[in-house]
Amino acid sequence: MQACSAVTGLRAAAPLPARARAQRRVVAEAATENGAAATATLDKKDRKPSPLQRGGTLQGAAAAGKDASDKFKAAAEGASSTSGPVLQMVEGRFSDFRWKGGRWDLSLFKGADGETDWDAVIDVEMARRKMLEDSPIPCTNEDPVLFDTAEIPWWAWVRRFHLPEAEKLNGRAAMMGYVLALFVDQLTGVGLLDQQESFIGKVLLHVCVFGILLVRTTTDLDKYKNLIDEATFYDKQWNATWEGQERPSDN
Amino acid sequence: MASTAAVVHAVAPVCAAPKQAAPRRAFVGARVGRRVAQVAHPTAHKAQQQGRSTAVQVFAVRDGTPLDRPLRVAVIGGGPSGACCAESLAKGGVEAYLIERKMDNCKPCGGAIPICMVEEFDLPMEIIDRRVTKMKMISPSNREVDVGKTLNEKEWIGMCRREVFDDYLRKRATKLGANLINGLFMGLETSSPDGPITIRYNKYNDGDKVGTPSTLEVDLVIGADGANSRVAKDIDAGEYDYAIAFQERIRIPEDKMDYYKDLAEMYVGDDVSPDFYGWVFPKYDHVAVGTGTVVNKTAIKQYQQATRDRAKVKTEGGQIIRVEAHPIPEHPRPRRVKGRITLVGDAAGYVTKCSGEGIYFAAKSGRMAGEAIVKASEGGKKMAGERALRNYLDEFDRKYWATYKVLDILQKVFYRSNPAREAFVEMCESNYVQKMTFDSYLYKTVVPGNPLDDVKLLVGTVGSLLRANALRARDSKSVNVSFGSKSNEEKVTAAA
């Protein structure tokens, strides 16, 4: 059975080239009359589907809406499509199709609902600063940078940077508080709610919450020590002359 | 002279019989205390041993003792601090000796003087080459802010040539009676705590390449010999942290020079300096492009290259005509006075943080030291000593402490990292900040502004810092710098 089909396949394959050759001859004659476009469609229709087209691949209307986003299509095709360069250094200058006159053109950052997508603006400004930090460019009078981060509204910053952190900290505080309360309950028999009646309970509650707020990692303790050192070091240097001496203005 | 003879007479019997009641002998002028007898003995004895002429005997004189000759003060170093000190002393009737090693010295310097200095020190307009009325601050991401919008026509920053400036002040001091000596200070000897001080120096007579060793005897010494002060070493004043400032003078084409006619630029960023700023200052016919650093001095050439690169387009076609570098003190030395010797200016370490300004404070401290000595000696008629010098130190510290502290806080907050610098430049956009900054720089007073505006400023600053820090990429290669007591290597840490 298998041998049969193989043979039929072979036989089917053999005449193909001949047919294709015949097609091409026909096509060649048609080309002189119709043009290249006609040639292409003719070719495709009669050809056996290629491996890429077999196996469930969709084409035409059936494949609509299943493309990669414009950004990646543009990147694959060479980034020159409709918009322009994206976050690039061209001839020693920063160029991006959304960076106009030293500012980000906020009208080009519209999200799906027509409102400005502030997260995208923040991302792109972060990328610009990183680029310039890594490879600084000369400052010129012709291309002044005028973008002010205050153009991005305060709630966009809060939503992007503060809220996730706040969520984490609140979570930690709640977890720590609950575990400690259970622990105290086990030790002293005072219930969760009754613990907060006493003054000590309230104080410890505050210590726990603020501790988690201020000391997020062990390096934070070093950071605070450093800050105190920094705040007082200059004063110490200036007062070095007066150490152990009587200062005239003290009298 | 009769008085000198009397002195010799008085000392000789003391020599012979120290235990007698000779100290109570009254003669012209001086009260001689018992302590003097014990001290004069070994001095006279030593002098006799060395076979030196004892026409004028050296003996210790306590503070406040009336003198029969004017008080003698040596000022080592003839820069702004030394010249102003000598001028105040000479004006007050004190015999001042100003010792300067190089009369045409072109000290590497930014050369910027605030307007209050012109008034306070009666400086003529001729020595000021340019009046800068505009300043540009440029952030790491090349955001430019024009600072100076709030200045009126009478307010400006003067740019001068140090050789012209220093020379004018020295000549003025000489005209008022100071003795200008061209010599190199070699060392000083104090024979006794209240005794005279002997200065050893190499005197350069006209056209000499090598100096002739000479000595000078004075009652007080003011060390005004700059950041590498020899006097400070001799009195064990202690070390200070210092920045290395590196500068290239570049002559640029006319049209580019026109842009810098009355404008100075300040570049901030990790590439330019981790803890200071790079500058382009206009001089009389060229610009000075430079930068400085404390924590990473070995990389100064790379910072200078980065500064030149940032200003590349604006200084295109320029030729480097001079390369210079100099240390800048970061804070005062631990001990600024010892006995009758004190320090002023850069030798003492009176350079502000953040801006690195030193000329005004040098001149002012020199003047204050001179005036304190004149006051304590009542016009050079009485002996003055450590107490007068401590009065000068106290007055200076009290008067300018607020200015120094504010600039220190500014440096600690805004020079820490790239985001902090971005926030700094963003804050300088506001008119209120510009007005406050210029008022405090030009007039050297920290004036508290409107409280409501101050609160708005605080909120704005915090907002700027938070935003700028949020915009720092997670994989940023920039560094964070701290300004405390750690060693220079430990002060620089990678961005968290």
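Chain A is the first sequence line, chain B the second, and so forth, proteins listed ahead of strands; every chain is numbered from 1.
Around CD of B:E239, the count of heavy atoms belonging to other residues, nucleotides or ligands within 6.0 Å does not exceed 12. Heavy-atom neighbours of B:Y242 OH from other residues, nucleotides or ligands within 6.0 Å: at or below the threshold of 12.
Of the possible donor and acceptor atoms, none in the side chain of A:R103 sits under 3.5 Å from a partner among the backbone N and O of A:F147. Using modelled atom types, no side-chain atom of B:D271 and backbone atom of A:P136 make a donor-acceptor pair closer than 3.5 Å.
For a residue to count as touching a neighbouring chain, one of its non-hydrogen atoms must lie under 4.5 Å from one of that chain's; by this rule A:F94 does not touch chain B. For B:Y240, no part sits under 4.5 Å from any heavy atom of chain A, backbone or side chain. In this structure, the portion of A:L146 lying under 4.5 Å from any heavy atom of chain B is its backbone and not its side chain. Only the side chain of A:Q245 has a heavy atom closer than 4.5 Å to any heavy atom of chain B. With a threshold of 4.5 angstrom between heavy atoms, A:N141 approaches chain B through its backbone and through its side chain. Proximity to chain A (any heavy atom under 4.5 Å) is shown, for B:A306, by neither the backbone nor the side chain. Using a 4.5 Å cut-off between heavy atoms, B:L393 contacts chain A through both its backbone and its side chain. When heavy atoms are compared at a cutoff of 4.5 Å, B:R333 approaches chain A solely by way of its backbone atoms N, CA, C and O. For a residue to count as touching a neighbouring chain, one of its non-hydrogen atoms must lie under 4.5 Å from one of that chain's; by this rule A:D148 touches chain B with backbone and side chain alike. Contact of A:N239 with chain B is not made at all, since no heavy-atom distance falls under 4.5 Å. Of the two parts of B:P140, only the backbone, made up of N, CA, C and O, holds a non-hydrogen atom closer than 4.5 Å to a non-hydrogen atom of chain A. Using a 4.5 Å cut-off between heavy atoms, B:E426 contacts chain A through its side chain alone, with no backbone atom that close. For A:E133, the part sitting under 4.5 Å from any heavy atom of chain B is the side chain, from C-beta outward, and nothing else. In this structure, the portions of A:W238 lying under 4.5 Å from any heavy atom of chain B include both its backbone and its side chain. For A:R160, no part sits under 4.5 Å from any heavy atom of chain B, backbone or side chain. Proximity to chain B is absent for every atom of A:A127, based on heavy atoms less than 4.5 angstrom apart. Within the 4.5 angstrom heavy-atom criterion, only side-chain atoms of B:E422, from C-beta onward, approach chain A.
With contacts defined as side-chain heavy-atom distances shorter than 4.5 Å, the pair B:I235/B:R335 does not qualify. The side-chain heavy atoms of A:L132 and A:M89, taken from C-beta on, include a pair separated by under 4.5 Å. Contact annotation: the side chain of B:F483 never approaches that of B:K353 to less than 4.5 Å [non-hydrogen atoms, C-beta and beyond].
Interface summary for chain B: among A:I122, A:T140, A:D235, A:N226, the most heavy-atom pairs under 4.5 angstrom belong to A:D235. Among the candidates A:A150, A:A231, A:P138, the residue making the largest number of heavy-atom pairs closer than 4.5 Å to chain B is A:P138. The greatest number of non-hydrogen atom pairs below 4.5 Å with chain B, out of A:I137, A:D123, A:T232, A:I228, is found for A:I137. Chain A forms more heavy-atom pairs under 4.5 Å with one residue of B:E144, B:E429, B:R336 than with any other, namely B:R336.
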Criterion side chain to side chain donor-acceptor pair (under 3.5 Å) on B:E265 and B:Y260, from CA distance to verdict: CA-CA 9 Å; B:E265 284 181 333; B:Y260 286 111; 2.8 Å; yes
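With respect to B:D394 and B:R390, no salt bridge is recorded, no charged nitrogen being found less than 4.0 Å from a carboxylate O.
Distance check, rounded to the nearest 0.5 Å: NZ of B:K456 to OH of B:Y432 gives 9.5 Å. Rounding to the nearest 0.5 Å gives a distance of 12.0 Å between OG1 of A:T241 and CG of B:L389.
For the ring-ring contact (aromatic ring centres under 6.0 Å, His included) with B:F361, the qualifying choice from B:W401, B:Y350, B:Y404 is B:Y404, the only one to do so.
Across A:V121 and A:L106, no two heavy atoms sit closer than the pair CG2-CD2, 3.9 Å.
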